[in-house]
Amino acid sequence: MSLSLPRLTTGLFLALFLPFSWAAELQLNLDPANDALESNIRAFIGDPGDRDAASLRRFSSHARERARQAMRALGYYQGRVTSRVLEQDPPVLKLEVVPGEPVRFRRVIIEVEGEAAGLAAFELPDELRPEEGEVLDHGRYERIKRFFRNQAQTHGFFDGAFVTRELRVDPEAGYADINLVYDSGERYTLGDVRFPEEIYFENTLLERFVRFEPGEPYHSDRIIELNRDLRGSGYFSNVRVEADAENAVKGRIPVQVALDERSRHSIGTGLGFSTDVGPRFRTTWDQHYVNPEGHLRGAELELSEPRQNAGLYYELPLDPPMTDSLRFTGSYQREDIEDTESKRISTGAQWHKELDSGWQQVLSLRREDDRFKVGDERGRTLLILPGASYSYLKRDSPVDPSRGYRLQVEAAGGQRDMLSDIDVLHATAEAKGLVTLGTGGHRFLSRIKVGAVGTNNFDRVPPFLRFFAGGDQSVRGYGFRTLSPVDEDGDSIGGRFLIAGSAEYQYPLSQSWRLAAFVDEGNAFDDMGDPLKTGVGVGIRWVSPVGPIRLDIARALDSPENFRLHFSMGPEL
């Protein structure tokens, strides 16, 4: 027996598609219309599924009852629901809903008793507090109770309970009364922090991570904060901080910390690329703790065609160790970029401290020995540079923020009376901002950087203290460090002043991809009257797991025939 191809195809089509049935539909008609009520009814009923007309008729009584429950949950106790099934393909369950008049709050009594009565944290937010005359919402009533329980757990009122908990509803009269009284009881306090006995680190170091004193009122944020700070120290592979109220003695909760030390050493290598310096190789070695006092040390090597750098550091944690430290550094750097060459040996120390205002302060003292060539001029300058830097960062996310800003100012200077070869003062200020408008993800970024150097002998100022503009992070459309004053041979020699700014708009294509359009303007110059250079362009942004990656094509407006590709990565703030 044989089958022709048309018959076989027809048979397969019937076998595959004839048994298939469309899912039944649910139609809701509310009179008058009420979007919130309709959404709640649909959520209560759910999907009618793959039902035929007969099965849908049996389902309709269940749907009517669930619709009534959904209406009562939002205060509509007098609602009427009728149903009928439309026998079509697919079948339709049609519900006609008349909500009627809702039940409204007549009397609202919500009180807090006990030690929490005077705490702002237990004041009911406006969006939760029901007012007399408002429509009853059972979900809000449950959220109010949950609010007080959550606040009690957060702030250490572990014996708190509702002494009165009443919601009286009179559907016929159309009113409801709330009577909620929460007795917080006494507030627990934080006790001593107990670290493991068998741990490599000294207790004097570990205790500096604790930001609270024994006897301080309990707050769960203190426990979370201690856990975060210990994890962020780099000393441990695993951290667990527990403060169990069941272990409290006379209302004081001991804090128990469990720690696992991480491996002492780590080595990292990586390849990178930017259009400023081209491909680069980087390797690092870190010893995360040298001794029980938590000292750290490490080294890094970075190689690219125009720049080679090798450095060492040794760091001492201060108090508190998560923000304050003293770091000693030494490095050798060789550069050959555009018309400048430099061989620089740097040693120094930096004191890092977080101020109470949230600003990051770095006070430094560096010895810089720089042999350099700028244009055709060669020189060597030794500088002893005390300096200070202050920065502030505020953003709503560390990886891909939607809004925020960064501010930074820094200055360093040397004098001949303090072992420097020349008098010099170098200062910069920078501001970056990011805002996202509306729900469409339209992002606007801006940045501006200004700088100045004052000296009694500019010819002996080494290249790292002179100003150059142009490149991925400066004025796009121009080559890296190509914007600056030039000598009589046309070689870039760096300037006394810097201005560089940018405005950028980003349009979202998806959660991870964005289009960008931008205009950059700036220059490095000796005369404040010199014109600024402008670059415009478009680009694409990818929010990768390791941070934003940017690819831009820009045009220098004073050289319209030139287009330049820029590739870079790193945080936008």
Side-chain angles (χ1 to χ4, degrees), residues 121 153-156 188-245 247-248 252-266 268 286-298 313-327 350-363 389-399 401 404 406 547 571 573:
Q153 290 296 311
T154 297
H155 293 273
Y188 284 59
T189 60
L190 290 164
D192 294 328
V193 179
R194 302 170 181 172
F195 292 101
E197 294 183 2
E198 299 298 325
I199 193 73
Y200 176 77
F201 299 96
E202 289 189 352
N203 262 16
T204 53
L205 170 66
L206 300 177
E207 287 167 357
R208 297 207 299 268
F209 285 93
V210 182
R211 304 195 193 197
F212 57 84
E213 297 292 335
E216 182 177 316
Y218 177 93
H219 196 296
S220 61
D221 284 355
R222 290 301 201 183
I223 305 303
I224 296 171
E225 186 178 64
L226 177 58
N227 192 300
R228 183 188 64 235
D229 290 342
L230 289 169
R231 286 183 182 275
S233 68
Y235 297 142
F236 309 107
S237 61
N238 185 51
V239 176
R240 188 172 66 255
V241 181
E242 296 180 347
D244 194 338
N247 298 327
R252 180 170 290 198
I253 307 174
V255 180
Q256 187 67 48
V257 180
L259 301 169
D260 294 327
E261 299 150 12
R262 69 175 297 177
S263 173
R264 279 200 180 200
H265 304 272
S266 64
D286 294 283
Q287 185 173 355
H288 303 289
Y289 47 95
V290 178
N291 51 36
E293 290 80 20
H295 295 190
L296 307 88
R297 63 185 173 190
Y313 76 88
Y314 192 96
E315 184 173 311
L316 287 70
L318 302 179
D319 189 9
M322 47 278 192
T323 58
D324 296 7
S325 64
L326 182 61
R327 173 174 282 216
Q350 299 93 40
W351 174 32
H352 296 253
K353 180 176 180 59
E354 182 178 300
L355 305 180
D356 293 339
S357 60
W359 283 78
Q360 304 292 325
Q361 171 188 272
V362 181
L363 303 180
S389 169
Y390 294 88
S391 62
Y392 186 86
L393 173 62
K394 186 176 180 63
R395 57 188 176 181
D396 57 4
S397 170
V399 177
R406 176 190 286 274
L573 289 178

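In this text the structure is predicted, and so the values were computed from the model without any measurement. In this chain, residues are counted from 1 in sequence order.
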State, yes or no, whether a side-chain contact exists between [X] and [Y] at a heavy-atom distance under 4.5 Å.
X: Asp324; Y: Pro320; value: yes
X: Trp351; Y: Leu318; value: yes
X: Ile223; Y: Tyr218; value: yes
X: Pro317; Y: Arg208; value: yes

Next item on the list: Would you please name every residue forming a side-chain contact (heavy atoms from CB on, under 4.5 Å) with His265, sequence neighbours left out?
Entry: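 For His265 the side-chain contact (heavy atoms from CB on, under 4.5 Å) partners, ignoring immediate neighbours, are Trp285, Gln287.
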
Next item on the list: Could you pull out all residues at least two apart from Ser325 that satisfy side-chain contact (heavy atoms from CB on, under 4.5 Å)?
Entry: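 For Ser325 the side-chain contact (heavy atoms from CB on, under 4.5 Å) partners, ignoring immediate neighbours, are Glu315, His352.
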
Heavy-atom pair of closest approach, residues [X] and [Y]:
X: Ile253; Y: Ala248; result: CG1-CB, 3.9 Å
X: Leu205; Y: Pro292; result: CD2-O, 3.9 Å
X: Asp192; Y: Pro214; result: OD1-CG, 3.3 Å

Between [atom1] on residue [X] and [atom2] on residue [Y], distance to nearest 0.5 Å:
X: Asp396; Y: Leu573; atom1: CG; atom2: CG; value: 9.0 Å
X: Arg252; Y: Leu190; atom1: CZ; atom2: CG; value: 9.0 Å
X: Phe212; Y: Leu226; atom1: CZ; atom2: CG; value: 5.5 Å
X: Arg406; Y: Lys394; atom1: CZ; atom2: NZ; value: 14.0 Å

Which pairs, with at least one residue in [range] and sequence neighbours excluded, count as a salt bridge (Lys or Arg N to Asp or Glu O under 4.0 Å)?
range: residues 253-262; value: none
range: residues 217-227; value: Arg211-Glu225, Glu216-Arg222, Arg222-Glu225
range: residues 230-244; value: Arg240-Glu242

Next item on the list: Using salt bridge (Lys or Arg N to Asp or Glu O under 4.0 Å) as the criterion, list what pairs up with Arg395, not counting sequence neighbours.
Entry: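 None.
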
Looking at residues at least two apart in the chain, or sitting in another chain, which of them share a ring-ring contact (aromatic ring centres under 6.0 Å, His included) with [X]?
X: Phe209; value: none
X: Tyr314; value: His295
X: Trp359; value: Tyr392
X: His288; value: none

Note to self: Can you list everything that forms a side-chain hydrogen bond (donor to acceptor under 3.5 Å, both in side chains) with Gln361? Sequence neighbours excluded, please.
What the structure shows: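 Tyr390.
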
Checklist line | Short side-chain to backbone donor-acceptor contact, Asn227 and Leu230, under 3.5 Å | finding: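 Such a contact is absent between Asn227 side chain and Leu230 backbone.
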
Margin query: For the backbone of Arg327 and the side chain of Tyr313, can you confirm whether one donor and one acceptor N or O come within less than 3.5 Å of each other?
Written below: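 Not at all, since once roles are kept as given, no pair shorter than 3.5 Å links the two residues.
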
Note to self: side chain to side chain contact (heavy atoms under 4.5 Å, CB included) for Leu296 and Asp286? Distances and angles first, verdict last.
What the structure shows: CA-CA 8 Å; Leu296 307 88; Asp286 294 283; over 6 Å; no

Listing, residues 193-204 side-chain donor-acceptor contacts under 3.5 Å, not counting sequence neighbours, or none:
{"from": "Tyr200", "atom 1": "OH", "to": "Arg264", "atom 2": "NH2", "distance (Å)": "2.8"}
{"from": "Glu202", "atom 1": "OE1", "to": "Thr204", "atom 2": "OG1", "distance (Å)": "3.3"}

